[in-house]
Amino acid sequence: MAIFADVFVWLTDHPGVLVAAFSLYVFVYVVSALFSGPKPGPNPLKKDTSRPPKPLITDQDARDKVLKLGFTQKRIPENLDAVIIGSGIGGLSAAALLSRAGKRVLVLEQHDQAGGCCHTYSEKGFEFDVGIHYIGGMRQGTLSKLLVDQLTDGQLQWSDLNKEFDVVAIGEPGKQKLYPYESGSKEIWKASVLKKFPGEEKAIDKFLQYLQDVRKSMMGQISLKMMSKTAARILINTGLIYRFTKFFKYADRTVDEVLDELTDNADLKAVLAYGFGDYGVEPGKASFAMHALLTNHYVCGASYPRGGASEIAFHIIPVIEKSGGKVLVRAPVSEVLFDHKGKAIGVRVGKSNGATDIHAPLVISDAGVVNTFTSLVPQEHAQRSAIYKMIQENKIGCGAAAISLFVGLNGTTEELGLKAQNIWSFTGNNLTELIEDYFNQEADSAVDSEIPLIFVSFPSAKDPTYKERYPGKSVSAVIALANWKWFEKWENERVMKRGEDYEAMKMAFGRRMWDQVLTLYPQLANKVEYFTVGSPVSNKYYLGSAKGEIYGLDHSKERFASPEIVMNLRPDTDIPGLAITGQDILSCGFMGALFGGVLCASHVLHRNIWEDLVGLKKTIQKTK
Ligand SMILES: Cc1cc2nc3c(=O)[nH]c(=O)nc-3n(C[C@H](O)[C@H](O)[C@H](O)COP(=O)(O)OP(=O)(O)OC[C@H]3O[C@@H](n4cnc5c(N)ncnc54)[C@H](O)[C@@H]3O)c2cc1C
Ligand SMILES: *[C@@H]1O[C@H](CO)[C@@H](O)[C@H](O)[C@H]1NC(C)=O
Ligand SMILES: *[C@@H]1O[C@H](CO)[C@@H](O)[C@H](O)[C@H]1NC(C)=O
């Protein structure tokens, strides 16, 4: 017995050995769990299907046949393999990947056109994008570009924004200091920031180092969503996850905490934090890991879909149709259907008398987890999912809402002096304080205050085909974060029938936004031909968001810092037959939601599709 006691004492003196032994055990367990699962399905990315792009189709009827195919009983394909709720990029990408693996998929969209945040709308001779202003990682040669090429058979083309694609403006309207951001590579980026902040090289280098650390540790987050929950729980409960990845170390710090460590220069802090508007959480509450993910995304530049954002859905839908699938609009799903064993077996479109039930062995929701678990899945079934419990316990919830201003302008890009560039205009440099003070106000005082952050962009200047499609015209899209509470009372009123108070308040916000834009672009003052404001209630109506949120679930620190939450936000839901896709799995953004689609299809096909993508890239390189 003594020998055991000795070993025990030795082990307590050398805890590292125990940890190492246990790590080995877990590693073996995880690997075996990964390989002993169900047999993998077909590789959706086996063959390169990219073809030279055909000319842009501008004929509205031809486009509508693809993007606005209305829901009818007759159009429902037979023998479906899956039905997907929502036609955002998360739904479309999962559908296209499954269809490339031979599955027949039906995508159902509540709005009158497909695309979700990627849809565009035209009115009075102008076209506006609603939720796509710039996308990173789309340069030739990246894996994300290759993926999008495969989802669209190479038909979706991209146009680069200016090298200086974002400008940060800081100060009172009319007195802003401008900080352009140059992109292309880390070195170019660094030089452009350093030019404005000489003497801050150490801080900038450290920031870049942190970005790199987070980039390298991303797999720590993603693997928790892919491995079995049992394996993930072992890693979490033993604390081993913290040894395997630095991700949570960075996730557990706010952006402000990191920036306070790096520098005392308040303008520099603002310039390094400005992009939080892309995920909607002020730097005092945002996770540095999310911020790094976003900043990394854009370091090499930004692109815009040639022909406008509707090109995205327009070219993915034919890929879905190739395997017999369909994308149908005006198809509001009211409920997920279950059998007596508690397995999801389909969906109900519409309500009461006019309802149609559609059956499929798999239901995938791109409608966001809050919609899915609080209004589509009946509570008796929803409560079996860890995601439902997290919503009930307020561990996750809807993110920030926003107001969008759409302005049609008389004049071309050149005549109006516009650029393929966004301006992020802040009224001061303490971003957290600005945003929080603003959000804490009641509606009537908010409407009378300066708006602390406006995002100003000109989609027409980013799309080289705009001038052919809408000669002599330009458009501006302006966005400001807003509090859902200010608009909540109109949530159940019908569109266009919300009354004068609603119109007045919405317009007051819009006019204030435009006045702030004019301090940056005074030349636009007399060029306005069209002026419309979309409120958080409009987002609910057109984008199907639960509380006017523009980026799905809240992106606050806790979502990324808690390994438990990270693990539970995954495609499988604890409910047989029900999976989720889209921005709530990993993060918002076109790429974030697309990656949600990749994870979802990986789950459904029991294979790692990212690995398949890497394999495809190698094959293409070999044959060239
Ligand atoms: C104003 C704004 C600006 C943005 N700017 C950018 C940007 O510049 N770059 C970038 O990368 N990202 C941007 N984003 C974020 C990005 O667009 C989104 O994160 C991403 O497109 C979300 O994709 P998704 O598939 O998860 O969800 P969504 O696109 O929201 O799709 C969900 C779909 O489900 C549908 N739906 C909901 N409920 C039902 C139901 N019951 N039945 C049927 N259908 C239903 C909705 O109508 C919607 O079409 C922006 C978003 C907004 C709103
Ligand atoms: C647009 O501007 C042109 C030139 O400035 C002017 O001739 C024309 O009348 C304007 N159109 C509208 C609709 O205001
Ligand atoms: C920003 O404002 C907050 C709250 O008023 C304050 O605590 C913080 O120190 C300020 N930050 C800077 C950089 O001035």
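Heavy atoms only: backbone and side chains are in, while hydrogens, waters and symmetry mates are out. In listed order, ligands and their atoms are each counted from 1.
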Nearest to [atom], what protein heavy atom do you find, and at what distance?
atom	answer
atom 1 (C) of ligand 3	Asn430 ND2, 1.4 Å
atom 47 (O) of ligand 1	Glu109 OE2, 2.6 Å
atom 21 (O) of ligand 1	Cys117 CB, 3.4 Å
atom 24 (P) of ligand 1	Asp366 OD1, 3.5 Å
atom 37 (C) of ligand 1	Ala367 CB, 3.6 Å
atom 11 (N) of ligand 2	Asn410 ND2, 2.8 Å
atom 14 (N) of ligand 1	Gly131 O, 3.1 Å
atom 19 (O) of ligand 1	Gln583 OE1, 2.6 Å
atom 43 (C) of ligand 1	Gln110 N, 3.3 Å
atom 46 (C) of ligand 1	Leu543 O, 3.1 Å

Enumerated ligand 1 atoms positioned under 4.0 Å from heavy atoms of [X]:
X	answer
Tyr298	9 (N)
Tyr134	7 (C), 8 (O), 9 (N), 10 (C), 11 (O)
Cys588	19 (O)
Tyr551	14 (N), 15 (C), 50 (C), 51 (C)
Val130	1 (C), 2 (C), 3 (C)
Gly86	33 (C), 34 (O), 35 (C), 44 (N)

Report the part of [X] in contact with ligand 1, treating N, CA, C, O as backbone and CB onward as side chain, heavy atoms under 4.0 Å; options are side chain, backbone, both, neither.
X	answer
Ala331	backbone
Leu108	backbone
Tyr304	neither

Pair [X] + [Y]: ring centers closer than 6.0 Å:
X	Y	answer
Phe128	Tyr121	yes
Phe455	His133	yes
Tyr181	Tyr274	yes
Trp486	Tyr438	yes
Tyr298	Tyr134	yes

- Query: For the side chain to side chain contact (heavy atoms under 4.5 Å, CB included) test, which of Gln421, Lys462, Lys419 pairs with Leu161?
  - Reply: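 Answer after filtering Gln421, Lys462, Lys419: Lys462.
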
Within the protein, is there a heavy atom lying under 4.0 Å from [atom]?
atom	result
atom 9 (O) of ligand 2	no
atom 4 (C) of ligand 2	no
atom 14 (O) of ligand 2	yes

- Task: Check step by step if salt bridge (Lys or Arg N to Asp or Glu O under 4.0 Å) holds for Arg306 and Asp463.
- Result: CA-CA 5 Å; Arg306 192 183 144 88; Asp463 173 13; over 6 Å; no

If we ignore hydrogens and angles and just use 3.5 Å, is the side chain of [X] paired with the main-chain N or O of [Y] as donor and acceptor?
X	Y	result
Gln113	Thr120	yes
Asp366	Gly91	yes
Ser303	Asp160	no

- Item | Asp112 vs Arg330, salt bridge (Lys or Arg N to Asp or Glu O under 4.0 Å): CA-CA, chis, key distance, verdict | CA-CA 5 Å; Asp112 67 3; Arg330 283 181 263 118; 5.6 Å; no

- Do Glu414 and Lys467 meet the salt-bridge criterion of a basic N to acidic O distance under 4.0 Å? no

- Task: Indicate the ring-plane relationship of Phe207 and Phe288, choosing parallel, tilted or perpendicular according to the 30° and 60° boundaries.
- Result: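 Perpendicular, since the angle between the ring planes exceeds 60°.
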
- Item | Student check: side-chain heavy atoms of Val105 and Val83 closer than 4.5 Å |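 Answer no - side chains too far apart.
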
- Message: Just to check, does Phe455 reach to within less than 4.0 Å of ligand 1 when the distance is taken from its heavy atoms?
- Response: no

- Please verify whether a non-hydrogen atom of Pro332 lies at under 4.0 Å from ligand 1.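 Yes.
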
- Item | Heteroatom distance test (Ile85, ligand 1): nitrogen or oxygen, under 3.5 angstrom | no

- Evaluate the criterion salt bridge (Lys or Arg N to Asp or Glu O under 4.0 Å) for residue pair Glu549 and Lys540; output intermediate values, then yes/no. CA-CA 8 Å; Glu549 70 278 15; Lys540 183 178 166 108; over 6 Å; no

- Does Lys527, backbone or side chain, put an N or O under 3.5 Å from an N or O of ligand 2?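 No, since none of the N or O atoms of Lys527 sits under 3.5 Å from an N or O of ligand 2.
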
- Message: If the cut-off is 4.0 Å to any non-hydrogen atom of Glu433, which atoms of ligand 3 fall inside it?
- Response: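 Ligand 3 atoms under the 4.0 Å threshold to Glu433: 2 (O), 4 (C), 5 (O).
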
- Message: With ring pair (Phe, Tyr, Trp, His ring centres under 6.0 Å) as the test, pick out the partner of Tyr179 among Trp424, Phe197, Phe426.
- Response: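 Single pass found, and it is Phe197.
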
